[in-house]
Structure formats: structure tokens, C-alpha cells
Amino acid sequence: MRYFTEKDGALLFKRRRELLEIRPWGEGLRVRATENHRFTDKDWALSEPADAQGTITIEDDRAVVENGKIRAVITDYGKISFFDRNGREILKEYYRSWDYGTRDWKDLDQITMVRASARAFRTVGGDNFELHLRFESDERERIYGMGQYQHPYLNLKGCCLELEQKNTQASVPFMVSDRGYGLLWNNPAVGQAVFSKDRTEFHAKSSKQIDYWIVAGDAPAEIVERYADVTGKVPMMPDFAMGFWQCKLRYQTQEELLGVAREYYRRKIPLSVIVLDFFHWPHQGDWTFDREYFPDPEAMIQELKEMGIRLMVSVWPTVDRKSVNYEEMKERDLLIRTNRGIQAAMECFGMEEFMDSTNPQAREFIWKTVKKNYFDKGVALFWLDEAEPEFTAADFDLYRYYDGSALECANEYPVGYAQAFYDGMRAAGVENPINLIRCAWAGSQKYGALVWSGDVPSTFTYLRNQFTAGLNMGMAGISWWTADIGGFHGGNVNDPAFHELLMRWFQYGTFCPVMRLHGDRDPHKAPMNPDAVYGGGICASGADNEVWSYTPELEEMMIYYIRLREAMKDYIRSVMREAHEKGTPVMKTLFYEFPEDPAAWEAEDVYLFGHDLLVAPVMEAGVRERTVYLPAGAEWVEWESKRRWSGGQEVRVKAPVCRIPLFLRNGAQVFQNADK
């Protein structure tokens with residue numbers, strides 16, 4: 001029987017229930033499989049032009065598809081193996097049965113009574129299936145990327161990852177292997193990714209088809225860049241965004257915010273952005289200033305502008321039933337539906353529903369409202385909070401989006417949320433939009449998404465977790481990433497232990513794509529109006545969180561690093577240009593830049609900011625010196641001491657509480673007119 005055909009530039013395989021397609025896409029291959037009669041028209045993250053010059057060869061018992069540096073071989077029973085341009089097998093599907101390849105029953109060691117297929121479909125209703133995609137695993141393989149998870153593991157081998165969005169967790173399902181391939185699980189369904197010793201497996205709870213994209217490359221940088229070609233690249237970061245951002249939970253009034261900005265200006269401390277956090281609005285979903293506490297936002301924005309400071313405002317996708325927009329959004333079906341029970345998805349000072357970012361009309365509605373109430377008054381920076389979205393009950397079977405059941409498509413929510421603002425701002429004349437957002441999925445980067453890691457606790461454990469999260473987000477294509485300097489929950493401004501943590505986090509934050517001080521500091525301040533039933537009066541505020549809010553030693557250290565960040569502007573600009581043009585991570589693992597150095601793959605406590613600056617953060621309390629691996633192939637100069645070392649060795653350096661060890665590659669000019 002003939003199982004293979006070529007159609008419209010793709011290889012089709014049809015046997016029994018399954019329809020499978022392998023299509024050259026960009027420099028890689030897109031693989032889709034279903035037990036439905038046709039594929040959907042959804043490209044999901046693969047949204048960029050995908051011209052390809054692949055070749056398809058059909059033989060008696062197999063077919064071969066080649067494109068770029070990857071070759072797929074599929075047998076007549078449907079098993080796929082992938083090879084690089086040198087003929088080395090880099091990945092193959094997982095099957096457990098007798099040896100179909102030789103059909104040789106004589107070798108009893110090859111016989112097993114267990115049957116397991118690489119591609120498994122289990123009907124869950126309608127045209128949807130519970131899906132499993134399985135590959136053989138090399139227990140020595142190293143795997144990176146996949147987004148942001150709150151654990152200390154840079155190498156994800158051995159990890160089981162939820163494919164679902166949560167506060168502090170962002171599922172961005174692109175993995176990079178040291179075997180020379182990258183794989184995008186191009187499916188926004190809720191599920192799991194498992195990187196065990198015996199198999200690599202992707203699982204979706206409800207979906208119409210398996211869909212993944214795979215690419216081969218000679219180095220991690222090539223793999224990540226080819227991925228960016230098909231999913232998109234960040235805009236060019238505006239110059240102002242490269243400076244220092246001031247934030248806290250929460251400035252309660254117009255005068256409080258202006259007072260902080262004026263003090264930075266008076267002290268001549270460079271400040272690029274000041275951020276106005278949540279509940280500066282009357283009701284969730286109004287998307288406007290509460291005039292009781294912000295009586296003249298136009299004047300506030302103008303005064304900030306005169307001081308060279310931009311205002312960013314928080315926007316939540318929540319819509320309270322008391323909002324002026326609730327009835328219209330409900331009648332127009334612009335909210336996420338609740339399949340059972342009461343029509344509510346979040347409880348936060350009321351019962352709220354979420355704007356449905358997968359609905360184009362909902363995206364247009366929120367931007368139209370935001371434009372009228374914020375943008376037209378001078379605000380061109382938005383903090384897109386609650387972007388998962390953060391359901392109070394994260395039972396995804398309860399909810400339905402415009403694009404389908406939440407089980408099928410929930411992970412794409414932050415992409416649509418970012419897109420609503422990106423498209424609106426571009427149409428309004430903003431050349432390079434940048435908006436802070438609390439979650440991401442594959443492709444978010446092209447919509448100007450600056451992802452931050454959410455409401456993480458203020459501990460050294462979580463500082464270490466952010467180090468891992470930032471590097472793996474970069475490997476997953478999210479070039480713009482940051483974390484709340486000092487962590488969000490639990491930092492007491494009077495606690496010396498927190499002061500040490502804040503110092504170390506501030507130093508690390510200086511060398512993140514965006515440098516932003518934030519946190520819900522203790523002790524709290526009381527709400528402005530304890531009798532209020534809505535608006536800004538109902539919320540408490542954290543303690544002061546400006547650079548002068550702590551000890552003189554902390555203030556001196558923070559101002560030093562703010563000025564050092566300013567001295568890096570030319571260097572940061574070149575780094576951001578490369579991220580924009582090639583999709584390069586701003587924060588890189590050592591092996592990204594030095595893949596031929598085996599020890600660079602082992603170094604998991606240092607990173608590169610751009611190409612030429614090696615950063616060695618201190619991520620434990622009480623540490624005053626540390627060991628740093630300097631990769632082979634370069635000479636390294638310590639910034640503070642000016643001491644020189646040859647690469648390919650570990651060195652022991654001082655790390656006083658007020659300084660972070662920094663090393664310049666081959667004497668590169670990273671800091672302009674900066675004093676040590």
C-alpha cells in the first residue's frame with residue numbers, strides 16, 4: 001500500500017486513523033499529526049513568514065524530508081527519526097514493541113510485550129484528543145529553555161514541567177538540546193513536558209492535533225536564531241528603557257508619586273521610569289485614573305516629562321461587575337466564559353471576570369478604552385499584570401475562550417494580551433512598544449513583551465531561582481526579561497538580613513535587560529480610606545522602597561549601580577540591537593557564547609550580559625568571595641581590580657557585600673566614563 005504523498009510542498013503520511021504532515025518551515029521542519037480528517041488552520045507561535053527550500057524524497061518503505069540542516073526519515077509504519085547535516089541522529093520517536101525495523105524475531109532481547117507509540121491520541125470529546133508525543137532520551141543530554149519555572153535547575157534534564165501559566169511561572173515550550181537541535185511544542189494546551197532518562201514527552205490534555213517544529217544547528221546560538229526567525233523578534237528597545245525604573249506597591253496618590261520623582265530629580269539620581277501600580281482606578285475594568293487620588297493626571301505626566309521621567313501605569317485584564325465597561329463586555333461576549341457555576345473567575349476586592357485576549361474584538365475594546373483614558377493623556381508605557389490570567393480556581397476545564405476550551409488554548413492568553421497593546425500602540429505611532437507583562441508564551445517577544453518573573457518571595461532561594469529563570473527564558477526566545485529587585489513578598493525595610501539580600505539582588509538586577517526596583521515591603525501602611533468600598537482607598541501600601549529608604553550604605557551602593565548602568569548605555573544599545581535583529585538573548589549562558597568549551601556547559605552560577613561582560617552574582621547570604629569559571633578562548637579582566645586572567649580556568653575573587661564580580665572579555669569597552 002502507498003502511505004506517502006507529496007502535496008503543496010509537504011509530505012503527507014496516512015495510515016489507518018492517523019494523518020501526519022512534515023512540512024519544511026523556515027530552516028526547520030513542522031510536524032503535525034491528528035486522527036481527525038484534516039488539520040486546523042492555526043499556526044499558533046509559527047506566525048512569521050516561513051519560506052523554505054526543502055526537498056522531499058519518497059521511497060518504497062520510507063520517505064525523507066530535508067530542510068536547512070535537518071533531515072527527517074519516516075518509515076512506512078510512521079516512525080520518525082531526525083538527523084543533522086552530517087548524518088548524525090539527533091532525535092527519534094519512542095516506540096516499544098518488537099523490532100519493526102528488522103522484523104527479526106530471532107533476537108529475543110529485542111522483544112517486549114509492552115507496546116507504546118510515539119504519538120498517542122485519546123478522544124476527550126468532539127474533535128479533541130488527549131495527546132502524547134514521545135521521543136527516545138539520551139540520559140546524558142542537556143536541555144535548556146522552556147520558559148520560567150521557580151526552581152534552581154538550569155539544565156532541565158530530569159525535570160517534569162507543567163505546561164500552564166501561573167503567577168511566577170511562564171510556559172514557553174521551546175527547548176534547546178546539546179545534541180544540536182531545538183524543538184518547539186507548538187501547542188497552547190494545558191499539559192506537561194517530561195525530560196526523563198528514558199523518554200522525552202509532551203502531553204496535552206485537550207487538543208485537535210500534535211504540532212511541533214524542530215530545527216538543527218551547529219551551536220545553540222544558531223538554533224535560537226532560527227527559532228526567532230519563525231516566531232518573531234523583539235522590537236528595538238527604546239533608549240529610555242535601558243535606564244533605572246522605580247516602583248513599589250503602591251503609590252497611593254498623585255502627590256506621593258510626584259514627591260518621589262521630584263526627590264530623584266533633586267538628588268540628580270538618573271531615573272527613566274516611575275511605575276504606578278494597581279488600584280489607581282475606581283473599579284477593575286474601568287481602565288482609567290481614580291480622580292479622587294489622581295485628580296490631574298495630565299499635569300502629573302507633564303511634570304514627570306519635564307524631569308525626563310516616563311510614567312508606566314498598571315493595567316489588569318480583570319473586569320468587576322461594577323465596572324462601567326462590564327455590561328457592554330458581557331453583552332458582546334468579550335469575557336472569558338465560565339462553563340459551570342457562577343460567572344466569575346477571580347476574587348479580589350470583588351468578583352471579577354477576565355477580558356478574553358484571544359478574541360480580536362476584546363483586544364480592540366481594551367485598547368480603545370486604554371487609549372482614551374491613558375495614552376491620549378500622555379501614558380505610553382503599560383504594566384500588563386495578571387497576564388496568565390490568574391484564576392482564583394485554576395481548574396481549566398471551567399473556562400472557555402474565544403479560541404476554545406481553556407484546556408485547549410489557555411497558554412496563549414499572554415500573547416494576545418501583549419498583542420492588544422502592541423498593535424494599538426503601533427497604530428497610534430509608537431515605533432518600538434515595550435510593555436511590562438507577568439507571563440509569556442512562544443511568540444510573545446514580537447509584541448514588545450518585557451516579561452518579569454511575578455510575585456516571588458524576598459529570599460536568597462528565590463534570587464537563585466530568578467538567575468535560572470532568566471537564562472532559560474532567553475533560551476526560549478524571550479530576550480526581554482527581568483525580576484522585581486529585592487523580590488516581591490516579605491522584605492522588611494528594617495531587617496539587616498533583607499538589606500543584604502537587597503544589595504545582592506540590586507547588583508544582579510543591574511545586569512538584567514531592564515533594571516527595576518519593586519516590592520511589597522513590610523511594614524505596611526494602612527489604606528487611605530478604611531471605609532472605602534472601591535477604588536484606591538481600599539488598598540494598603542507597602543513601606544517606602546526608594547534608594548534612600550534604607551541605610552546610607554545601601555543608598556550609596558544602589559546609586560553606584562544606577563550610575564554604572566548609565567555608563568553602559570552604549571553597550572546595552574548594541575546588545576539590544578542584536579536581540580532585535582537576530583533574536584539573541586540579552587542574558588546568556590556561557591555555553592551559548594563558548595559551545596566548544598566543555599566546562600562552559602558545567603558553569604551554572606555565572607552568565608554573560610551581552611557578549612563581553614561576564615557577571616558572577618552572589619546568591620547566598622554571608623558570602624564575601626566566590627569562585628568564578630572564565631571560559632576558554634578569551635582573556636578576562638576583572639572590572640574592580642583590573643587583574644587579568646586567561647580563560648579556561650576557575651579563579652577565586654573577592655565579593656564584598658557592596659560589589660558584584662564582573663569580568664570584561666578581551667578588555668572590551670563596556671563602561672563609558674565610569675569610576676570603580
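Heavy-atom basis, side chains included; hydrogens, waters and symmetry copies ignored.
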Using side-chain heavy atoms (C-beta onward) and a distance below 4.5 Å, is [X] in contact with [Y]?
X    : Y    : result
W213 : W25  : yes
E225 : T584 : yes
K157 : R142 : no
R310 : L304 : no
L463 : F467 : no

Looking at [Y] and [X], is there a salt bridge between them, counting it only when a charged N and a carboxylate O are closer than 4.0 Å?
X    : Y    : value
K233 : E48  : no
R332 : E328 : yes
R134 : E201 : yes
D376 : K371 : yes
D229 : R226 : yes
D277 : K248 : no
D397 : K205 : no
K42  : D403 : yes

Check against side chain to side chain donor-acceptor pair (under 3.5 Å), S314 and D385: CA-CA 7 Å; S314 171; D385 208 340; 4.7 Å; no
NZ or CZ of R516 within 45° of W383 ring axis and under 6.0 Å: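 Geometry flag: set, cation within 6.0 Å and 45°.
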For the student: nearest non-hydrogen atoms of D455 and T168, plus distance: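 Smallest heavy-atom distance, with atoms named: N-CG2, 3.7 Å.
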Checking [X] side chain against [Y] main chain: does a donor-acceptor pair fall under 3.5 Å?
X    : Y    : answer
N187 : A189 : yes
H489 : V456 : no
Q445 : G232 : yes
W481 : V514 : no
T482 : W452 : no
E164 : S171 : no

Set of side-chain contact (heavy atoms from CB on, under 4.5 Å) partners for T338, sequence neighbours left out: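 Here the qualifying residues are Q343, Y399.
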Y592 vs Y144, ring-ring contact (aromatic ring centres under 6.0 Å, His included): CA-CA, chis, key distance, verdict: CA-CA 11 Å; Y592 192 95; Y144 304 91; over 10 Å; no
Interatomic spacing from CZ in R30 to CD1 in I214 - rounded to 0.5 Å: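 Going from CZ on R30 over to CD1 on I214, the span is 14.5 Å.
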Audit row: F279, W281, ring-ring contact (aromatic ring centres under 6.0 Å, His included) steps and yes/no: CA-CA 5 Å; F279 283 87; W281 50 67; 5.4 Å; yes
Side-chain donor-acceptor contacts of residues 389-396 below 3.5 Å, not counting sequence neighbours, with atom names and distances?
from	atom 1	to	atom 2	distance (Å)
E390	OE1	R438	NH2	2.9
T392	OG1	E347	N	2.9

